[in-house]
Engineer: 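Structure incoming, see below.
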Amino acid sequence: MKSKFLILLLLFSPLNLLAQYNGNDFSVCVSGVYTTSASIFLNPNSSDFELRNQSFDIEDIFNPGMELSYRVSEPLILSLNVEYIKKTKTAPNLNAFLSGTIVTLDVEDGFFMIPFELTAYYVLPVSTQRFKFLMGGGAAYYYGEFIRKVGDAEVTNLEHDNAFGIHVSVTTDYVVTDYLFIRFQMKFRDPEFTVKSRYNKEEVEYQDHLITLPQEPFETKVNIDGVTFLLGAAFQF
């Protein structure tokens, strides 16, 4: 009975966590990030309920990311994560005037976003010298832009809202050496931002026709609502 108690005590002891870090308090992780999906709402202010909630979906979003972490105490780690996310897709999303009639054009729609995420990680007591299991959560600021290209015309973003959000994550680190570990992470976040834009040209040539584009500013809402997966290499120092 005493031996079982001692085994459990060692397993859940902070001393077990200390052995995983080998005395290193800082780490830098460079990673590849995959997000399952995002939604773009082209008419977020429409009075029509169905039109207001109709979205244009973009899937399979890949981007790079980097995270700087500092171990505050044995089980607690604070980190700052930055990513560069850009994704577009061509689809029939724009109504325009052609010879006095309204036609639907294929346009390249998408978004650009840089998330700044502050995360607090807790190293779970079941971690070992080779495998570390972490639960994390925190707050973030998201800077985003709407992308649209029609022939040789594109939109200019006029206004951006201040987009803030929260996130939670589950992380597994595999320690390769005293200074290197491999990180796998699954993250849940729901960043959303609204952008006011307008076209930078009034007329554009589209499939040998001259198209007149509306010049009034319009708003677009972008919501990255998919699950995010991360695979990276981290260097400890």
Side-chain angles (χ1 to χ4, degrees), residues 11-38 60-87 110-145 160 162-193 222 224-237:
L11 180 63
F12 289 91
S13 171
L15 294 176
N16 186 53
L17 301 177
L18 178 62
Q20 302 171 62
Y21 291 95
N22 302 297
N24 299 311
D25 291 333
F26 291 92
S27 68
V28 175
C29 182
V30 179
S31 57
V33 185
Y34 168 73
T35 302
T36 56
S37 63
D60 299 330
I61 304 165
F62 294 90
N63 63 272
M66 185 174 69
E67 186 173 42
L68 174 64
S69 300
Y70 172 68
R71 181 164 61 94
V72 179
S73 63
E74 303 305 341
L76 181 63
I77 300 171
L78 294 181
S79 74
L80 176 64
N81 176 67
V82 180
E83 298 174 34
Y84 180 92
I85 307 173
K86 185 178 181 180
K87 181 74 173 183
F111 65 92
F112 160 72
M113 189 183 79
I114 298 180
F116 299 90
E117 297 177 330
L118 182 63
T119 307
Y121 292 105
Y122 177 75
V123 184
L124 298 178
V126 293
S127 300
T128 67
Q129 290 188 2
R130 284 295 180 187
F131 288 94
K132 296 184 290 184
F133 303 98
L134 303 87
M135 293 291 297
Y141 170 75
Y142 304 100
Y143 173 83
E145 295 182 354
H160 310 259
N162 291 316
F164 298 92
I166 60 174
H167 58 275
V168 294
S169 64
V170 180
T171 305
T172 300
D173 291 340
Y174 173 70
V175 180
V176 180
T177 69
D178 290 350
Y179 304 100
L180 172 67
F181 61 84
I182 303 301
R183 166 161 292 182
F184 174 76
Q185 183 178 90
M186 180 170 61
K187 183 184 298 183
F188 301 91
R189 57 187 179 186
D190 194 25
E192 181 179 289
F193 59 89
V222 179
I224 304 178
D225 51 4
V227 181
T228 297
F229 299 91
L230 178 151
L231 179 64
F235 304 91
Q236 300 185 95
F237 56 96

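All values reported here derive from a predicted model rather than from experimental measurement.
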Engineer: Could you go through the side-chain contact (heavy atoms from CB on, under 4.5 Å) check for V28 and F237 one step at a time?
Structural biologist: CA-CA 9 Å; V28 175; F237 56 96; 3.7 Å; yes
Engineer: Just do the side-chain contact (heavy atoms from CB on, under 4.5 Å) check on I224 and F111 with the steps written out, would you?
Structural biologist: CA-CA 10 Å; I224 304 178; F111 65 92; 3.5 Å; yes
Engineer: Would you name the heavy atoms of K132 and V175 that are closest together and state the gap between them?
Structural biologist: CE-CG2, 4.0 Å
Engineer: Report the residues that fulfil side chain to side chain donor-acceptor pair (under 3.5 Å) with T171, sequence neighbours left out, ordered by chain and then residue number.
Structural biologist: Q185
Engineer: Does T172 use its side chain to pair, donor to acceptor, with the backbone of F133 at less than 3.5 Å?
Structural biologist: no
Engineer: CD1/I166 to CZ/F188 distance, rounded to the nearest 0.5 angstrom?
Structural biologist: 13.0 Å
Engineer: Mind checking the CD-OG spacing from E67 to S31? Nearest 0.5 Å is all I need.
Structural biologist: 7.5 Å
Engineer: Looking only at the aromatic ring of each residue, does the gap between the centers of Y179 and F235 stay below 6.0 angstrom?
Structural biologist: no
Engineer: Return the set of residues passing ring pair (Phe, Tyr, Trp, His ring centres under 6.0 Å) with F184 (not counting sequence neighbours), or none when no residue passes.
Structural biologist: none
Engineer: Does D173 reach the side chain of I182, with side-chain heavy atoms less than 4.5 Å apart?
Structural biologist: no
Engineer: List the atom of G144, the atom of H160, and the distance in Å for their closest heavy-atom pair.
Structural biologist: O-ND1, 2.9 Å
Engineer: What pairs with Y141 under side-chain contact (heavy atoms from CB on, under 4.5 Å), at least two apart in sequence or on another chain?
Structural biologist: F116, Y143, N162, F164
Engineer: Taking only residues two or more places apart in sequence or in another chain, which ones pass side chain to side chain donor-acceptor pair (under 3.5 Å) with S27?
Structural biologist: none
Engineer: With sequence neighbours left out, what residues match S69 under side chain to side chain donor-acceptor pair (under 3.5 Å)?
Structural biologist: none
Engineer: By side-chain contact (heavy atoms from CB on, under 4.5 Å), which residues pair with A120, not counting sequence neighbours?
Structural biologist: L76, L78
Engineer: Tell me the closest heavy-atom pair linking T36 and G226, and the distance in Å.
Structural biologist: OG1-CA, 3.1 Å
Engineer: If the condition is side-chain contact (heavy atoms from CB on, under 4.5 Å), which residues does V170 pass it with, not counting sequence neighbours?
Structural biologist: M135
Engineer: Looking only at heavy atoms, which two atoms of H167 and T119 are closest? And how far apart?
Structural biologist: NE2-OG1, 2.8 Å
Engineer: Can V33 and T228 be said to form a side-chain contact (heavy atoms from CB on, under 4.5 Å), step by step?
Structural biologist: CA-CA 7 Å; V33 185; T228 297; 3.3 Å; yes
Engineer: Any side-chain heavy atom of V123 within less than 4.5 Å of one from I77?
Structural biologist: yes
Engineer: Kindly indicate, with the supporting measurements, whether the criterion side-chain contact (heavy atoms from CB on, under 4.5 Å) is fulfilled by S79 and Y70.
Structural biologist: CA-CA 6 Å; S79 74; Y70 172 68; over 6 Å; no
Engineer: Applying the side chain to side chain contact (heavy atoms under 4.5 Å, CB included) criterion to E83, which one of T35, N63, I114 satisfies it?
Structural biologist: N63
Engineer: Work out which heavy atom in F193 is nearest to a heavy atom in E145; give both atom names and the distance.
Structural biologist: CE1-N, 3.6 Å
Engineer: Give me each pair satisfying salt bridge (Lys or Arg N to Asp or Glu O under 4.0 Å) with a member in residues 117-127, each pair once, sequence neighbours excluded.
Structural biologist: E117-K187, E117-R189
Engineer: Listed by chain and number, what are the ring pair (Phe, Tyr, Trp, His ring centres under 6.0 Å) partners of Y34, not counting sequence neighbours?
Structural biologist: F62
Engineer: How long is the straight-line distance from OG of S169 back to CZ of F229, given to the nearest 0.5 Å?
Structural biologist: 12.5 Å
Engineer: Are any non-hydrogen side-chain atoms of Q236 and L180 less than 4.5 angstrom apart?
Structural biologist: no
Engineer: According to side-chain contact (heavy atoms from CB on, under 4.5 Å), who are the partners of D225, at least two apart in sequence or on a separate chain?
Structural biologist: S37, S39, D190, N223
Engineer: Please list, chain by chain and in numerical order, all residues satisfying ring pair (Phe, Tyr, Trp, His ring centres under 6.0 Å) with Y84, sequence neighbours excluded.
Structural biologist: F112
